[in-house]
Amino acid sequence: MRGSSTDPTRSPGHRRARGSACALATAALLLPLLGAAPSGSATDSSAATLQRAFASASAEYHVPQSVLLAVSYLQSRWDTHDGAPSVTGGYGPMHLTDARTALAATEHFSEGTEDARGDSARPALHPTAQIPADSQLPARLRTLTKAAKLTGLAASDLRTDEAANVAGGAALLADAQQALGEPLSADPADWYGAIARFSGADDTATAAAYANDVYDVIHTGEERTTDAGQQVALAAQPELAPDTAQLAETGLRTLSAAGTECPKKVSCEWIPAPYSQFGSKYGNHDLGDRPAMQSIKYIVVHDTEGQWEGVLNMVQDPTYVSWNYTIRSTDGLIAQHVKAKDVAWHAGNWYINAKSIGIEHEGFLAAPDAWYTEAMYRSSARLVSYLTKKYGIPLDRQHILGHDTVPGPTTSTVPGMHTDPGPYWDWAHYFDLLGHPVKQTARKSGGLVTIRPDYTTNRPVYTGCVTAGQPCAAHGSSEVRLYSGPGETYPLIKDIGLGTTPTTGVNDLSSRVSTGQQYAVADRSGDWTAIWYLGQEAWFKNPKKHPTAVSATGLVVTPKAGADSIPVYGRAYPEASAYPAGVPAQAVSPLPYTLPKGQKYVVGDKVPGEYYYAVTFTTDSHKVVVGKDLYYEIQYGHRVEFVRAADVTVARSGR
């Protein structure tokens, strides 16, 4: 949701910002948890230290080890994040929350240094002047304090020492079990109610969805190497049947899912964005009739740049923008705001808005250590799987868009387009959860590459997370940097649409490719691979032993014979003759980019020119205009773009 951008092709009544709610949250409601807490973990060099910590805590607090492991996996995938807090102030493998301390550790956060992206400037935030008392925070944001009381361990140890953190989580689970009047049973099936309470959810639907996910982890088992290089394993128990009747003992409120469009395996509530008129304007979305009148082609993944409560306040403001869903980090609760049939204002591109569903995730782009929970990733993946199946949306990076891959609709809007969810969103893990892992689909002769670095070990340098020009905390990333030649001494690739010198800034997308994106191979030299990108030959490091991309095959476009280059567009609008009387024809204006002869770009889709005319509060004048001109959506640079089918030749790559 980062920044704001306006599509000038909308009517005068629609020229207020329709980018996304990813910005402009009130300062008091933001939780920009930047940078790691002091490191000082008691972890030793043994790869089995964390596994032993789970065994020890299990024995001390009489919580089944499988329960501890599964709860921790759903919280953090057993990662320690070097003692840094999550998006919602959770620490360590058990995600013990201490949001007040996380805020206090953040001395300064300002986005005023990022004007190069055209974002609306925010005032500098000084969270230390806004830190609430523990009692003013929701219980789900202060579990570490309770864990300290139960264990007698120092809060600092619970934040930074993984063994202490696991013990704190075990103590909380044991306390929840006893509060429900249940015995400290050795049978993991007897812990359903305690796990539901551990989630921090205040309703039965969210708590049950969380507990069900924990038992799914127990059923399937898990094994992985953590971010600290430790091997942790949980043996599968596929026959385990939890006592779900314990949910009735938790005393949690009943959450109504009435009016929502969500799969059954997630918790979902209806918190509507208002459709109301004020003066000569209205907000904050348009009524529609999708997919009957127009198809839904895209899912757009955003991050909120604000905390849950503040973001929900924004989407209920009729003068603000809108999106379809928001997902909470602590437990994966989903709030739906706009029906799929209607058009939310979230992408900064009216064509994409009219053809997409926008999903906000509680988080911050420029806070690499403010990590997302596994619960949120899983909830989001289930929602996206449901929506893509319902509306026939392909599960690939040209249809599951990041807000950072939405094209600027016109030349003037390109510099101000959004950059979330950014380089720290784990696209590989997300697509694993979607059941469509990013993997090799062809031999080297396939002609294409799919970007696929190892998220944990791929750590390109980014700057500007806290202070302009200063390095961000080292962190795993989904993105790979591009150079103008086969080596890091060559200049970075330049994006002429931005009109600026490329940098390593966390919001500078000019010379970056992202996991799952596909490009045509232009050349190879040793450990370096060149691709066609933004009308140029762009190089990235791709060593055989530690590849950052895998081979693929697919359809590509190239200019028709006789053309030196062809124009590139940020939207697929119809030709002028397609517009009926009373609907002003929208300009089919090319961007400053071209597709030169001899270059190839991967095809994502073939679509007719289409425009949704909706400029009034009442819907009687709303129309969907569909033209005869056809377009190909292509992966042109970091963002997708469009070319006219009449301008290109389509062929299979590698031939």
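In this chain, numbering begins with 1 at the start of the sequence shown.
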Spacing of Arg571 atom CZ and Ile352 atom CD1 [to the nearest 0.5 Å]: 11.5 Å
Between His81 and Ser86: side-chain donor-acceptor atoms closer than 3.5 Å: no
Verify whether the ring centers belonging to Tyr351 and Phe642 lie closer than 6.0 Å. yes
Donor + acceptor pair across side chains of Asp454, Thr456 (<3.5 Å): no
Student check: side-chain heavy atoms of Phe54 and Leu234 closer than 4.5 Å: no
State whether Arg224 and Asp79 are salt-bridged, where the test is any N-O pair (Lys NZ or Arg NE/NH1/NH2 against Asp/Glu carboxylate O) under 4.0 Å. yes
Heavy-atom donor-acceptor pair, Asp508 side chain to Pro502 backbone, under 3.5 Å: no
Looking only at heavy atoms, the pair that brings Thr548 and Val480 closest together is CB-CG2, 4.0 Å
Any donor-acceptor N or O pair under 3.5 Å, side chains Gln398, Gln517: no
Pro421 vs Leu365 side-chain heavy atoms within contact, under 4.5 Å: no
Once the angle between the rings of Trp425 and Tyr377 is folded into 0 to 90°, is it parallel (under 30°), tilted (30 to 60°) or perpendicular (over 60°)? tilted
Do Gln75 and Tyr210 pair up side chain to side chain, a donor and an acceptor below 3.5 Å, judged on atom types alone? yes
Taking Asp227 for its side chain and Thr80 for its backbone only, find out whether a donor-acceptor pair lies under 3.5 Å. yes
For Tyr215 and Pro188, the nearest pair of non-hydrogen atoms, with its separation, is OH-O, 2.5 Å
Is the side chain of His475 donor-acceptor paired with the backbone N or O of Pro368 at a distance under 3.5 Å, no angle test? yes
Can you classify the ring geometry of Tyr430 versus Trp427 as parallel (below 30°), tilted (30 to 60°) or perpendicular (above 60°)? perpendicular
Does Glu479 offer a backbone N or O that forms a donor-acceptor pair with the side chain of Ser477 under 3.5 Å? yes
If we ignore angles and hydrogens, is there a donor and acceptor under 3.5 Å between the side chains of Asp605 and His399? yes
Rounded to the nearest 0.5 angstrom, the CZ-CD distance for Arg77 and Glu222 is 8.0 Å
Identify the heavy atoms of Pro608 and Tyr631 that sit nearest to each other, and give their distance. C-CD1, 4.5 Å
I would like to know whether Asp420 and His361 meet side-chain contact (heavy atoms from CB on, under 4.5 Å); could you show each step before the answer? CA-CA 10 Å; Asp420 61 292; His361 299 79; over 6 Å; no
Would you sort out whether Ser295 and Lys355 count as a side chain to side chain donor-acceptor pair (under 3.5 Å), showing the intermediate values? CA-CA 6 Å; Ser295 61; Lys355 306 286 292 179; 2.7 Å; yes
Any Ile359 side-chain heavy atom under 4.5 Å of His403 side chain: no
Could you grab the distance from atom CG of Leu434 to atom OG of Ser380, nearest 0.5 Å is fine? 7.5 Å
Kindly compute the distance separating CD (Glu374) from OG (Ser72), expressed to the nearest 0.5 Å. 11.0 Å
Expected list for residues 487-495: side-chain donor-acceptor pairs under 3.5 angstrom, two or more places apart:
{"from": "Asp495", "atom 1": "OD1", "to": "Gly497", "atom 2": "N", "distance (Å)": "2.9"}
{"from": "Asp495", "atom 1": "OD1", "to": "Tyr593", "atom 2": "OH", "distance (Å)": "2.7"}
{"from": "Asp495", "atom 1": "OD2", "to": "Tyr593", "atom 2": "OH", "distance (Å)": "3.4"}

Apply the test side chain to side chain donor-acceptor pair (under 3.5 Å) to residues His638 and Thr405: give CA-CA distance (whole Å), side-chain angles for both, the deciding distance (0.1 Å), then the verdict. CA-CA 6 Å; His638 188 88; Thr405 65; over 6 Å; no
Where does the angle between the aromatic ring planes of Tyr424 and Tyr462 fall among parallel (under 30°), tilted (30 to 60°) and perpendicular (over 60°)? perpendicular
Taking atom types as modelled, is there a side-chain donor on His418 or Asp404 under 3.5 Å from an acceptor on the other? no
Measure the shortest side-chain to side-chain distance between Ile393 and Ile296 over non-hydrogen atoms and say whether it is less than 4.5 angstrom. yes
If you apply the rule side chain to side chain donor-acceptor pair (under 3.5 Å), what do you find for Thr88 with Thr330, and how did you get there? CA-CA 7 Å; Thr88 48; Thr330 48; 5.3 Å; no
Go through the steps to decide whether Val650 and Val556 satisfy the test side-chain contact (heavy atoms from CB on, under 4.5 Å), and finish with yes or no. CA-CA 6 Å; Val650 181; Val556 294; over 6 Å; no
Taking side chain as C-beta onward, heavy atoms only, is Ile299 less than 4.5 Å from Thr388? yes
Would you say Arg481's side chain and Val461's backbone share a donor-acceptor pair under 3.5 angstrom? yes
Among side-chain atoms of Glu261 and Gln336, is any donor-acceptor pair under 3.5 angstrom? yes
Could you walk me through whether Ile566 and Val643 satisfy the side-chain contact (heavy atoms from CB on, under 4.5 Å) test, starting with their C-alpha distance in whole Å, then the side-chain angles of each, then the deciding distance to 0.1 Å, before giving a yes or no? CA-CA 8 Å; Ile566 62 165; Val643 292; 4.1 Å; yes
Cut-off 3.5 Å, side chains only: do Ser514 and Arg397 have a donor facing an acceptor? yes
Taking the side chain as C-beta and beyond, is there a heavy-atom pair between His219 and Leu240 under 4.5 Å? yes
Distance, nearest 0.5 Å, that separates CG of Asp527 from NZ of Lys544: 8.5 Å
Could you check if a side-chain atom of Lys597 sits within less than 4.5 angstrom of a side-chain atom of Thr558, using non-hydrogen atoms only? no
Just by modelled atom types, is the Gly485 backbone N or O under 3.5 Å from a matching donor or acceptor in the Trp528 side chain? no
Ala549 and Val449 have their tightest heavy-atom pair at CB-CB, 4.0 Å
Stepwise, does the side-chain contact (heavy atoms from CB on, under 4.5 Å) test hold for Glu362 with Val311? CA-CA 8 Å; Glu362 187 180 16; Val311 170; over 6 Å; no
Asp331 versus Thr206, side-chain donor and acceptor atoms under 3.5 Å: no
For a quick check under 3.5 Å, do Gln518 and Thr450 share a side-chain donor-acceptor pair by atom type? yes
Step-by-step side chain to side chain donor-acceptor pair (under 3.5 Å) determination, Glu162 to Gln230: CA-CA 12 Å; Glu162 62 187 22; Gln230 300 201 54; 2.9 Å; yes
Do the side chains of Arg443 and Ser551 get nearer than 4.5 Å, heavy atoms only? no
Could you go step by step and tell me if Trp539 and Tyr483 meet the ring-ring contact (aromatic ring centres under 6.0 Å, His included) rule? CA-CA 5 Å; Trp539 292 82; Tyr483 299 85; over 10 Å; no
Look at the side chain of Tyr298 and the backbone N and O of Asn353, then say whether any donor-acceptor pair between them is shorter than 3.5 Å. no
If I compare all heavy atoms of Tyr632 with all of Val648, which pair ends up nearest, and what's the gap? CD1-CG2, 3.7 Å
If I take atom CD1 from residue Ile218 and atom CD1 from residue Ile195, how far apart are they, to the nearest 0.5 angstrom? 5.5 Å
Looking only at heavy atoms, the pair that brings Arg512 and Pro423 closest together is NH2-CD, 3.6 Å
Between the side chains of Asp432 and His429, is a donor N or O closer than 3.5 angstrom to an acceptor N or O? no
